[in-house]
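Heavy atoms only: backbone and side chains are in, while hydrogens, waters and symmetry mates are out. Note that the numbering runs from 1 along the sequence shown for the chain.
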Amino acid sequence: MIHAIMVDVDGVLINGRPADGRPWASEIEADLGISNADLNREFFGPYWSDIIVGHSGLAEQLKLALARLTPSVPHEDLIAYWFASDARLNRPLLEALAQLRERGTKVFLATNQEHLRSAYLMDQLGLGPHVDGIYYSAALGSRKPERDFFEQTAALSGFAPEQLLLIDDTPANVVAARQLGWNAVLWTAGSSLSAELAKLQAEGVNLAPPS
(Lines give C-alpha, C1' and ligand atoms only; values in the text may rest on other atoms or scores of the structure.)
Protein backbone atom coordinates (compact mmCIF):
# COMPACT_ATOMS: atom_id res chain seq x y z
CA MET A 1 0.00 0.00 0.00
CA ILE A 2 1.49 3.33 -1.11
CA HIS A 3 1.27 6.18 1.40
CA ALA A 4 3.82 8.62 -0.10
CA ILE A 5 5.18 9.44 -3.53
CA MET A 6 8.81 10.49 -3.94
CA VAL A 7 9.23 12.52 -7.12
CA ASP A 8 12.50 13.13 -8.94
CA VAL A 9 13.00 16.67 -10.23
CA ASP A 10 15.13 16.93 -13.36
CA GLY A 11 13.69 14.86 -16.19
CA VAL A 12 10.42 14.29 -14.33
CA LEU A 13 9.02 17.42 -12.70
CA ILE A 14 11.31 19.86 -14.54
CA ASN A 15 12.39 19.57 -18.14
CA GLY A 16 14.86 22.19 -19.35
CA ARG A 17 14.21 25.73 -20.45
CA PRO A 18 10.75 27.21 -19.81
CA ALA A 19 10.37 28.38 -23.41
CA ASP A 20 11.26 25.21 -25.29
CA GLY A 21 12.42 22.41 -22.98
CA ARG A 22 15.97 22.45 -24.33
CA PRO A 23 18.92 22.00 -21.93
CA TRP A 24 19.52 25.06 -19.77
CA ALA A 25 22.96 25.80 -21.24
CA SER A 26 21.93 25.49 -24.89
CA GLU A 27 22.72 29.15 -25.62
CA ILE A 28 25.05 29.98 -22.76
CA GLU A 29 27.92 30.93 -25.06
CA ALA A 30 25.77 33.46 -26.95
CA ASP A 31 24.21 34.79 -23.76
CA LEU A 32 27.17 34.85 -21.36
CA GLY A 33 30.23 34.20 -23.50
CA ILE A 34 31.03 30.87 -21.80
CA SER A 35 31.25 27.61 -23.73
CA ASN A 36 29.71 24.42 -22.44
CA ALA A 37 32.99 22.61 -22.98
CA ASP A 38 34.94 25.12 -20.88
CA LEU A 39 32.35 25.08 -18.10
CA ASN A 40 32.39 21.30 -17.97
CA ARG A 41 36.19 21.21 -17.93
CA GLU A 42 36.71 23.91 -15.31
CA PHE A 43 33.66 23.43 -13.10
CA PHE A 44 31.40 20.42 -13.50
CA GLY A 45 34.15 17.90 -14.16
CA PRO A 46 36.37 18.62 -11.16
CA TYR A 47 33.84 19.87 -8.60
CA TRP A 48 30.29 18.64 -9.21
CA SER A 49 30.60 15.23 -7.55
CA ASP A 50 31.52 16.95 -4.27
CA ILE A 51 28.99 19.77 -4.61
CA ILE A 52 26.02 17.46 -5.21
CA VAL A 53 26.57 15.66 -1.90
CA GLY A 54 27.28 18.81 0.09
CA HIS A 55 31.04 18.40 0.48
CA SER A 56 31.72 21.77 -1.15
CA GLY A 57 29.64 24.78 -2.12
CA LEU A 58 28.33 25.67 -5.56
CA ALA A 59 28.97 29.40 -5.25
CA GLU A 60 32.50 29.02 -3.92
CA GLN A 61 33.66 26.58 -6.60
CA LEU A 62 31.89 28.36 -9.44
CA LYS A 63 33.46 31.65 -8.45
CA LEU A 64 36.93 30.08 -8.69
CA ALA A 65 36.14 28.45 -12.04
CA LEU A 66 34.80 31.65 -13.57
CA ALA A 67 37.85 33.59 -12.39
CA ARG A 68 39.86 31.30 -14.65
CA LEU A 69 37.37 31.26 -17.53
CA THR A 70 35.81 34.70 -17.75
CA PRO A 71 36.31 37.08 -14.81
CA SER A 72 33.79 39.51 -16.32
CA VAL A 73 30.87 37.18 -15.49
CA PRO A 74 29.98 37.19 -11.77
CA HIS A 75 29.16 33.77 -10.40
CA GLU A 76 25.85 35.13 -9.09
CA ASP A 77 24.82 35.99 -12.66
CA LEU A 78 25.60 32.52 -13.93
CA ILE A 79 23.71 30.87 -11.07
CA ALA A 80 20.67 33.07 -11.73
CA TYR A 81 20.85 32.31 -15.47
CA TRP A 82 21.19 28.57 -14.81
CA PHE A 83 18.33 28.25 -12.36
CA ALA A 84 15.92 30.38 -14.42
CA SER A 85 16.84 28.47 -17.57
CA ASP A 86 16.28 25.04 -16.00
CA ALA A 87 12.74 25.53 -14.76
CA ARG A 88 10.14 24.17 -17.18
CA LEU A 89 7.53 22.62 -14.91
CA ASN A 90 5.58 19.51 -15.80
CA ARG A 91 2.18 21.04 -15.13
CA PRO A 92 0.10 17.91 -15.82
CA LEU A 93 2.16 15.95 -13.31
CA LEU A 94 1.88 18.73 -10.73
CA GLU A 95 -1.89 18.75 -11.14
CA ALA A 96 -2.10 14.97 -10.81
CA LEU A 97 0.02 15.05 -7.67
CA ALA A 98 -2.16 17.81 -6.22
CA GLN A 99 -5.23 15.61 -6.65
CA LEU A 100 -3.52 12.78 -4.78
CA ARG A 101 -2.49 15.11 -1.96
CA GLU A 102 -6.11 16.22 -1.62
CA ARG A 103 -7.01 12.57 -1.03
CA GLY A 104 -4.33 12.14 1.63
CA THR A 105 -1.29 10.82 -0.24
CA LYS A 106 1.94 12.53 0.80
CA VAL A 107 4.16 13.91 -1.96
CA PHE A 108 7.86 14.67 -1.53
CA LEU A 109 10.71 15.62 -3.84
CA ALA A 110 13.56 13.08 -3.82
CA THR A 111 16.36 14.52 -5.89
CA ASN A 112 20.07 14.91 -6.48
CA GLN A 113 20.50 18.64 -5.85
CA GLU A 114 22.85 21.04 -4.11
CA HIS A 115 21.69 23.52 -1.51
CA LEU A 116 21.14 26.67 -3.58
CA ARG A 117 19.01 25.11 -6.29
CA SER A 118 17.02 23.13 -3.75
CA ALA A 119 16.06 26.40 -2.07
CA TYR A 120 15.31 27.96 -5.46
CA LEU A 121 13.02 25.06 -6.41
CA MET A 122 11.05 25.25 -3.21
CA ASP A 123 10.88 29.02 -2.74
CA GLN A 124 11.41 31.01 -5.95
CA LEU A 125 10.06 28.46 -8.41
CA GLY A 126 7.25 27.80 -5.98
CA LEU A 127 7.29 24.04 -5.57
CA GLY A 128 7.11 24.29 -1.78
CA PRO A 129 3.31 24.58 -1.55
CA HIS A 130 2.90 21.65 -3.97
CA VAL A 131 4.77 19.09 -1.86
CA ASP A 132 5.10 17.91 1.71
CA GLY A 133 8.88 18.28 1.78
CA ILE A 134 12.12 17.65 -0.07
CA TYR A 135 14.91 15.10 0.41
CA TYR A 136 18.00 16.05 -1.55
CA SER A 137 21.52 14.75 -1.89
CA ALA A 138 23.52 17.70 -0.52
CA ALA A 139 21.49 17.66 2.69
CA LEU A 140 21.71 13.87 3.04
CA GLY A 141 25.40 13.58 2.13
CA SER A 142 24.62 10.88 -0.43
CA ARG A 143 23.02 10.72 -3.83
CA LYS A 144 20.83 8.40 -5.84
CA PRO A 145 21.36 5.55 -6.59
CA GLU A 146 23.40 5.08 -3.41
CA ARG A 147 21.77 2.91 -0.76
CA ASP A 148 22.20 5.54 1.94
CA PHE A 149 20.10 8.08 0.03
CA PHE A 150 17.09 5.75 0.00
CA GLU A 151 17.54 4.54 3.56
CA GLN A 152 17.82 8.07 4.95
CA THR A 153 14.88 9.30 2.91
CA ALA A 154 12.64 6.47 4.08
CA ALA A 155 13.66 6.97 7.71
CA LEU A 156 13.10 10.73 7.60
CA SER A 157 9.73 10.36 5.89
CA GLY A 158 8.46 8.05 8.61
CA PHE A 159 7.20 5.52 6.07
CA ALA A 160 8.32 1.94 5.50
CA PRO A 161 10.02 1.29 2.13
CA GLU A 162 7.02 -0.67 0.83
CA GLN A 163 4.82 2.36 1.52
CA LEU A 164 6.88 4.57 -0.79
CA LEU A 165 6.70 5.07 -4.55
CA LEU A 166 9.64 6.59 -6.42
CA ILE A 167 9.01 8.29 -9.76
CA ASP A 168 12.36 8.69 -11.53
CA ASP A 169 13.71 8.93 -15.08
CA THR A 170 17.04 7.19 -14.32
CA PRO A 171 16.94 3.39 -14.59
CA ALA A 172 19.69 2.89 -12.00
CA ASN A 173 17.69 4.85 -9.42
CA VAL A 174 14.58 2.80 -10.07
CA VAL A 175 16.52 -0.45 -9.73
CA ALA A 176 18.20 0.69 -6.50
CA ALA A 177 14.89 1.74 -4.96
CA ARG A 178 13.25 -1.58 -5.79
CA GLN A 179 16.16 -3.51 -4.35
CA LEU A 180 15.55 -1.73 -1.03
CA GLY A 181 11.86 -2.56 -0.98
CA TRP A 182 10.43 0.61 -2.49
CA ASN A 183 7.87 0.69 -5.25
CA ALA A 184 9.36 2.53 -8.23
CA VAL A 185 8.42 3.45 -11.79
CA LEU A 186 10.62 4.63 -14.64
CA TRP A 187 9.37 7.95 -15.98
CA THR A 188 9.70 8.70 -19.69
CA ALA A 189 8.60 11.52 -21.98
CA GLY A 190 5.27 9.79 -22.63
CA SER A 191 4.48 8.85 -19.02
CA SER A 192 1.41 9.89 -17.09
CA LEU A 193 0.85 9.42 -13.38
CA SER A 194 -2.58 7.85 -13.81
CA ALA A 195 -1.21 5.26 -16.25
CA GLU A 196 1.69 4.38 -13.97
CA LEU A 197 -0.60 4.00 -10.97
CA ALA A 198 -2.94 1.81 -13.03
CA LYS A 199 -0.01 -0.49 -13.89
CA LEU A 200 0.88 -0.78 -10.22
CA GLN A 201 -2.73 -1.49 -9.32
CA ALA A 202 -2.78 -4.31 -11.87
CA GLU A 203 0.23 -5.74 -10.02
CA GLY A 204 -1.64 -5.53 -6.71
CA VAL A 205 -0.04 -2.31 -5.42
CA ASN A 206 -2.61 0.32 -4.47
CA LEU A 207 -2.67 3.78 -2.96
CA ALA A 208 -3.66 3.87 0.67
CA PRO A 209 -7.31 4.91 1.09
CA PRO A 210 -8.00 8.49 2.24
CA SER A 211 -7.51 8.88 5.97
Side-chain angles (χ1 to χ4, degrees), residues 4-19 21-26 28 31-32 34 39-40 42-67 73-91 93-95 97-98 101 106-146 148-159 164 166-170 173 187:
I5 299 178
M6 298 285 176
V7 187
D8 183 37
V9 173
D10 297 300
V12 177
L13 201 54
I14 290 179
N15 293 280
R17 302 194 306 186
R22 294 179 65 198
W24 73 269
S26 295
I28 192 171
D31 292 337
L32 297 181
I34 305 167
L39 194 60
N40 286 329
E42 296 293 334
F43 174 67
F44 285 105
Y47 302 124
W48 191 246
S49 60
D50 284 336
I51 292 170
I52 201 66
V53 292
H55 293 168
S56 59
L58 168 62
E60 294 82 358
Q61 299 298 352
L62 185 59
K63 184 177 182 179
L64 294 174
L66 289 178
V73 178
H75 69 280
E76 298 95 338
D77 289 1
L78 178 51
I79 291 171
Y81 175 91
W82 171 3
F83 292 179
S85 299
D86 202 5
R88 189 184 199 189
L89 291 171
N90 185 336
R91 296 289 180 183
L93 178 55
L94 271 180
E95 291 170 5
L97 291 169
R101 288 186 78 210
K106 297 294 185 181
V107 175
F108 300 92
L109 302 183
T111 176
N112 290 338
Q113 301 288 338
E114 54 75 48
H115 297 297
L116 295 180
R117 187 160 182 254
S118 294
Y120 175 87
L121 293 172
M122 295 293 278
D123 302 329
Q124 291 176 259
L125 194 58
L127 289 178
H130 294 275
V131 297
D132 295 287
I134 180 172
Y135 302 108
Y136 67 97
S137 56
L140 298 174
S142 61
R143 61 182 299 177
K144 295 179 290 184
E146 294 169 1
D148 189 55
F149 179 97
F150 295 103
E151 290 182 339
Q152 285 197 70
T153 296
L156 290 168
S157 75
F159 293 103
L164 299 173
L166 175 70
I167 300 174
D168 204 293
D169 68 323
T170 301
N173 297 341
W187 191 264

Note to self: Tell me the closest heavy-atom pair linking Val73 and Leu32, and the distance in Å.
What the structure shows: CG2-O, 3.6 Å
Note to self: Within the structure provided, determine whether Leu13 and Leu121 are in side-chain contact (heavy-atom separation under 4.5 Å).
What the structure shows: no
Margin query: Looking at Arg17, is its backbone amide N or carbonyl O close enough to the side chain of Arg22 to form a donor-acceptor pair, meaning the two atoms are under 3.5 Å apart?
Written below: no
Margin query: Could you check whether any side-chain heavy atom of Phe43 comes within less than 4.5 Å of a side-chain heavy atom of Ile51, counting everything from C-beta outward?
Written below: yes
Next item on the list: Check whether any side-chain N or O of Asn15 sits under 3.5 Å from a backbone N or O of Gly21 as a donor-acceptor pair, and report yes or no.
Entry: no
Margin query: For the CG atom of Leu58 and the CD1 atom of Ile79, what is their distance to the nearest 0.5 Å?
Written below: 4.5 Å
Notebook entry, point to check: Considering all heavy atoms of both residues, which atom of Tyr120 and which atom of Ala87 are nearest to each other, and what is their separation?
Noted result: OH-CB, 4.5 Å
Note to self: Return the NZ to CE distance between Lys106 and Met6, rounded to the nearest 0.5 Å.
What the structure shows: 11.5 Å
Next item on the list: Compare every heavy atom of Thr111 with every heavy atom of Lys144, then report the nearest pair and how far apart it is.
Entry: NZ-CA, 3.9 Å
Notebook entry, point to check: Can you tell me how far the CD1 atom of Ile28 sits from the OG atom of Ser85, to the nearest 0.5 Å?
Noted result: 8.0 Å
Item checked: Leu62 CG to Tyr47 OH distance, which is reported to the nearest 0.5 Å -> 10.5 Å
Check: Judged by atom type as modelled, is there a donor-acceptor pair below 3.5 Å linking the side chain of Glu114 to the main-chain atoms of Leu116?
Finding: yes
Notebook entry, point to check: From His130 NE2 over to Met122 CE, what is the distance, rounded to the nearest 0.5 angstrom?
Noted result: 10.5 Å
